[in-house]
Amino acid sequence: MNSTTSLPLHQGGITPISALHPDIFQSHILALLDGPSLASLACVSSQLHALSTHDILWFNICSSTWPSLNHPRLQQIISTFPSGHRSFFSDSFPFPDLQPLKLDVNSCTLPTELIFAVDVYYQNQIIYSKVEELDTSSSWFLCSPFRVDLLDPKDSASTPVRYLGGSQDEAWLKHLEENLSLSWIVINPTRKKAVNVSSRRAVSVQRHWLTGDVQVRFGTVTAGDEGRGSSRELVECGVVVTCCGKEGGEMHVREVCMVMEDMEGKGLNGKDSLVILEGVIEQGRRKGGEGNEGKVKFEEFQERKRERKEENQRKERVLDLVCITVGVVGFVSFWSAILFK
């Protein structure tokens, strides 16, 4: 007679988690979950929390979500985070929440180095990845307009994507908007914290008016370092991916750059940008990392910029009218005084 060994059954035939070997549970169940699911499971019980916090699980999730993290220096830096890859994921996966930042510019310690981990995806498959290390301590950087370029102007990165256009141009631009996504993680290696400043999905796609290249824009709107009504009440961290190619041929990524702009479209300098980025990294709240909230916030920001521009134009027209009136009154008064003297 053959005999079989089975796990003990409890509560009407249900096998408790404790009956499973932890290695089996981790390799056959937990390893199949994505980051948000694993984080939610860790909140169910202390036992599941202990099983769900093993760094190898979060290492695999981070590496598969952001291939740029396989860079040796990034692996070393992430290992120093309070809870390793789990801390990094909790910093980098959610969106920064749009909350006023409590910044003391005078006492704020600015980072002397930032690291950017950038990944561009097409239909959720990686097509471009880059790690950029930036020295932010020089006076030249602090005073110059803030701009991070991942590609040399003469270089481009080939992709497996087929470039379209011509009669299909409108559909092609819409296709890129729906299928191209980007992650831009800003890492402060000294404070062991990070934030993802990309909207993930594109907020706008258009052709450059001169070159005809396709510019795919991603961006996150965050609170600025000045009060309500100022030009830096809100600030946009904008990332532009410029694509080019011949119709039917291979699509090339020509430019991947990040800038920071205020509500008047003016670029921020290095120091002001560091203050805001440091505030978002240190104080910024986080919330769900899915959906198309980035585009909604971007469109609201553009509307606020448009309203602000119209208001400034109205003020300028009123000021011009006042100046003209004062000038006419002064001119008339001057000649009246001479004629009737």
Side-chain angles (χ1 to χ4, degrees), residues 26-27 30-43 48-97 99 101 109-121 124 126 128-134 136 148 150 181-201 218 220 222 237 239 256 258 274 276-291 293-294:
Q26 287 179 356
S27 61
L30 299 184
L32 302 178
L33 301 179
D34 59 14
S37 301
L38 187 61
S40 299
L41 187 66
C43 300
L48 287 174
H49 181 272
L51 292 171
S52 302
T53 54
H54 285 228
D55 194 63
I56 186 61
L57 294 171
W58 292 100
F59 168 82
N60 291 333
I61 287 173
C62 288
S63 297
S64 60
T65 304
W66 304 296
S68 59
L69 299 189
N70 292 312
H71 190 281
R73 188 177 180 215
L74 288 186
Q75 286 300 319
Q76 185 275 323
I77 292 173
I78 295 173
S79 68
T80 66
F81 275 49
S83 297
H85 289 82
R86 184 164 64 94
S87 292
F88 184 86
F89 186 89
S90 68
D91 280 351
S92 305
F93 183 78
F95 287 106
D97 197 0
Q99 295 289 337
L101 301 178
T109 302
L110 298 180
T112 57
E113 180 188 28
L114 290 178
I115 302 176
F116 306 103
V118 183
D119 297 285
V120 182
Y121 311 83
N124 297 322
I126 191 73
Y128 177 78
S129 190
K130 179 74 178 290
V131 173
E132 185 79 7
E133 301 175 44
L134 182 64
T136 61
V148 180
L150 301 187
S181 57
L182 174 138
S183 169
W184 187 299
I185 301 176
V186 181
I187 304 167
N188 185 332
T190 304
R191 295 187 179 274
K192 303 174 179 59
K193 289 192 175 184
V195 66
N196 199 327
V197 297
S198 173
S199 54
R200 311 318 197 265
R201 296 179 61 184
F218 305 83
T220 293
T222 183
C237 300
V239 178
V256 183
M258 173 186 171
L274 284 182
I276 294 172
L277 286 174
E278 185 65 11
V280 175
I281 291 174
E282 288 288 334
Q283 306 175 22
R285 301 177 182 178
R286 307 288 195 270
K287 58 182 179 180
E290 297 294 343
E293 183 178 347

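Between Phe89 and Trp58, the ring planes are tilted. Angles from 30° to 60° get that label.
Here OG of Ser64 is found 9.5 Å from CG of Leu69. Values are rounded to the nearest 0.5 Å. For the atom pair Glu113 CD and Thr136 OG1, the distance stands at 7.5 Å (nearest 0.5 Å). Between Leu274 atom CG and Thr112 atom OG1 the span is 10.0 Å, to the nearest 0.5 Å. Between the CD atom of Glu282 and the NZ atom of Lys193 there is a distance of 4.0 Å, given to the nearest 0.5 Å. Here the straight-line distance linking atom CD1 of Ile115 with atom CD1 of Ile185 works out to 12.0 Å at 0.5 Å rounding. Rounding to the nearest 0.5 Å gives a distance of 11.0 Å between CG of Leu32 and CG of Asn60.
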### Query
What do the steps show when you test Trp184 against Val256 for side-chain contact (heavy atoms from CB on, under 4.5 Å), and what is the final call?
CA-CA 10 Å; Trp184 187 299; Val256 183; 3.8 Å; yes
### Message
One pair to check against side-chain contact (heavy atoms from CB on, under 4.5 Å): Phe88 and Phe59. What are the steps and the verdict?
### Response
CA-CA 10 Å; Phe88 184 86; Phe59 168 82; over 6 Å; no
### Query
Can you list the steps and then say if Leu30 with Ser52 is a side-chain contact (heavy atoms from CB on, under 4.5 Å)?
CA-CA 7 Å; Leu30 299 184; Ser52 302; 4.2 Å; yes
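Contact between Gln76 and Ser79 at its shortest, heavy atoms only, is O-OG, 2.5 Å. Here the closest non-hydrogen pair linking Ser199 and Thr220 is N-OG1, 3.8 Å. For the pair Thr65 and Pro67, the tightest heavy-atom approach, listed with the atom from each and the gap, is O-CD, 3.6 Å. The two residues Ala194 and Ile281 come nearest to each other via the heavy atoms N-CG2, 4.2 Å. Across Ser83 and Asp55, no two heavy atoms sit closer than the pair O-OD1, 3.9 Å.
The side-chain contact (heavy atoms from CB on, under 4.5 Å) test with Ile187 singles out one residue from Leu74, Val131, Leu114, Ile78, and that residue is Leu74. With respect to Asp119, the side chain to side chain donor-acceptor pair (under 3.5 Å) criterion is satisfied by exactly one of Ser181, Ser198, Ser129, Ser183: Ser129.
Under the 3.5 Å distance criterion, the side-chain polar atoms of His71 are matched with a main-chain donor or acceptor of Arg73.
A 4.5 Å side-chain heavy-atom check between Phe81 and Ser90 finds every atom pair outside the cut-off. For the pair Cys237/Leu277, a side-chain contact is recorded, criterion being any heavy-atom separation below 4.5 Å from C-beta on. Looking at Asn188 and Glu278, their side chains come closer than 4.5 Å, going by heavy atoms from C-beta outward. Side-chain atoms of Met258 and Glu132, non-hydrogen and from C-beta on, never get closer than 4.5 Å to each other. Using a 4.5 Å heavy-atom cutoff, the side chains of Val186 and Phe116 are in contact. Annotation: side chain of Arg191 is in contact with side chain of Thr109 (closest heavy-atom distance under 4.5 Å). In this structure the side chain of Val197 never reaches within 4.5 angstrom of the side chain of Thr222, judged on heavy atoms.
A donor-acceptor contact under 3.5 angstrom links the side chains of Gln75 and His85, judged on distance only.
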